[in-house]
2 protein chains.
Amino acid sequence: MSTSLSRSEAKDLTRRKLIRAALAILDEEGEAGLTTVKIAKAAGIAQSSFYVHFKDMRHLLRVLAEEGGERLRGSMREARRRARESPDDLERHRDTFRIPLEAICRHPELLRIQLRARHDPSSSFRDFATQKAAAYREHHAADLAALGYTADDERDRRRLEMIAEAVDAATNALAMGHLEGRYPDLEECADILTALSRGALRLLRSTSGGPA
Amino acid sequence: MSTSLSRSEAKDLTRRKLIRAALAILDEEGEAGLTTVKIAKAAGIAQSSFYVHFKDMRHLLRVLAEEGGERLRGSMREARRRARESPDDLERHRDTFRIPLEAICRHPELLRIQLRARHDPSSSFRDFATQKAAAYREHHAADLAALGYTADDERDRRRLEMIAEAVDAATNALAMGHLEGRYPDLEECADILTALSRGALRLLRSTSGGPA
DNA sequence: GATTTCACCGATAGTACTATCGGTGAAAAT
DNA sequence: ATTTTCACCGATAGTACTATCGGTGAAATC
């Protein structure tokens, strides 16, 4: 505005505008609505200038995946860090759900895009989303193991993974319900998830022991 | 083959071929890959002949939604009927999960298409999928209520709905995991879901009573 | 057996998008 | 002060798809 930017600063600003515009369109209209025409228009430049910043559409999609992945990683690191700080096991278990729920609510568009991509065979983000979901599932299973639900044999290990996958899906569903306004209280969502999880873990506890 | 079909029979056959081809492409490539060119080619007719059977693409999509809805309704009716026949409450509760899991495995493409449509703002099936999911959630909540988990006040009614939504999401996730080969035993999936559900319902039982 | 109907065909106009090209002016380098 | 660089522009060729049109032959009707 007042201070004229240097050329590289101006270019970087335009690039960020493009990414910002693309993420908004991706969230609002889905991958099918993501065209160079719309992105450039939303960013306030000519359609052809899109190619000054990205080699082609694929390039932008790769960058968006990296961008989204970085934000997701950041939220997860924070979640893990805070969950580890909880005083007792019960509170830690509850935090295992409350913190991801809060992370989702901070960047709901990332969850929406991920859920969409995961089931769409034409999506450029499909592999990325599947990979992220698997990583989160394993991380969750490891968290449960850290709470004392040791999985000694193959059967229990598989069950722990199934519980993690089932509870993750439930977490996403309740988070979406919260975002849609159906479940206003996030604490109540965490309560339900904790209860679900503890119920399922009873299956393991009975065979291999666990915390109170 | 040997007997030449009447004109109307032949037309109806071609129409069914088109719907069949469209469903296959929808499952394999998603809504983005669904074009009149591909559908007609897969059905073995010229692209322009597509319009002999459907006014336009929207018309076909409407018909596909009705077609899929009818199959889904059929599976659900069957599931409800069989679940009601179970001898005791525990077995009925378990059937509440095993039967939907089996229904999903009979028509996995319908679940895939529905999950995809539900989160895609550009999908023609989005409203349809959302509606179906809400209907199933309410049906599930009613099933739980029938098992004795009476929800007297508003809080418990909301919690019952949250549990139904969470468990439905978990059911879909485990069914997808089964279809992807990660969880070969469908009975084990039903076990996990039953345990999840019973754990969550403990929240209600403690305040308003319920079965053993 | 003559006429009508119509499912299907090939050709094509119209639409939306991608990606490239040469031109322009202001910032940067000399 | 002059030259170079380059972010951005308008124009446009190329691609993929939708939907319409007139033509054709075999089934249906008379």
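In what follows, every chain begins at residue 1, and chains take the letters A, B, ... in the order their sequences are listed. Below, all heavy atoms of this structure are taken into account, side chains as well, without hydrogens, waters or symmetry copies. Bear in mind the structure is a predicted one, so any value in this text is a computation, not a measurement.
- Side chains of B/H93 and B/T194: no donor on one and acceptor on the other come within 3.5 Å.
- Between B/D95 and B/R98 there is a salt bridge, since at least one side-chain N of the basic residue sits less than 4.0 Å from a carboxylate O of the acidic one.
- Although no hydrogens or angles enter the test, the distance criterion places no donor-acceptor pair under 3.5 Å between the side chain of A/R158 and the main chain of B/R182.
- Think of the region where chain B sits on DNA chain C: with heavy atoms and a 4.0 Å cut, that region ends 5' and 3' at C/dT5 to C/dA11.
- Using a 4.5 Å heavy-atom threshold, the side chains of A/F97 and A/D191 count as separate.
- Applying the side-chain hydrogen bond (donor to acceptor under 3.5 Å, both in side chains) test to pairs two or more places apart or on separate chains, those with a residue in residues 42-61 of chain B are B/T36-B/Q47.
- Partner assigned to D/dT20 is C/dA11, using Watson-Crick or G-U wobble distances below 3.5 angstrom.
- Counting heavy atoms from C-beta on, the side chains of B/E67 and B/R20 never come closer than 4.5 Å.
- Between A/I39 and A/M57, the closest side-chain pair of non-hydrogen atoms falls below 4.5 Å.
- Of the possible donor and acceptor atoms, one in the side chain of A/E9 sits under 3.5 Å from a partner among the backbone N and O of A/S6.
- At distances below 3.5 Å, at least one donor-acceptor pair connects side-chain atoms of A/R116 with backbone N or O atoms of B/H119.
- Nucleotide D/dT4 forms a Watson-Crick or G-U wobble pair with C/dA27, both donor-acceptor distances falling under 3.5 Å.
- Across residues 45-55 of chain A, A/Q47, A/S48, A/Y51 each have a non-hydrogen atom less than 4.0 Å from an atom of DNA chain C (numbered order).
- Checked for salt-bridge contact, B/R112 and B/D27 meet the test: a charged N lies under 4.0 Å from a carboxylate O.
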Margin query: With salt bridge (Lys or Arg N to Asp or Glu O under 4.0 Å) as the criterion, how do A/E109 and A/R71 come out once you've worked through the C-alpha distance, each side chain's angles and the decisive distance to 0.1 Å?
Written below: CA-CA 11 Å; A/E109 78 282 6; A/R71 289 197 211 175; 3.5 Å; yes
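- Of the possible polar contacts, one joining the B/K38 side chain to the B/G33 backbone as a donor-acceptor pair under 3.5 Å is found.
- Taking a 4.0 Å limit (strictly below) on heavy-atom distances, residues 15-27 of chain A does not reach DNA chain C anywhere.
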Which protein N or O atoms sit under 3.5 Å from an N or O of nucleotides 27-30 of chain D?
residue : atom : partner : partner atom : Å
D/dA28  : OP1  : B/R7    : N            : 2.9

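- Residues from residues 30-42 of chain B with heavy atoms under 4.0 angstrom of DNA chain D, sorted by number: B/T35, B/T36, B/V37.
- Checking A/E31 against A/S123 by side-chain atom types alone, a donor-acceptor pair falls below 3.5 Å.
- Looking only at side-chain heavy atoms (C-beta outward), A/L203 and B/E188 stay at 4.5 Å or farther from each other.
- A/L144 has its side chain within reach of A/H140: a pair of non-hydrogen atoms, C-beta onward, lies under 4.5 Å apart.
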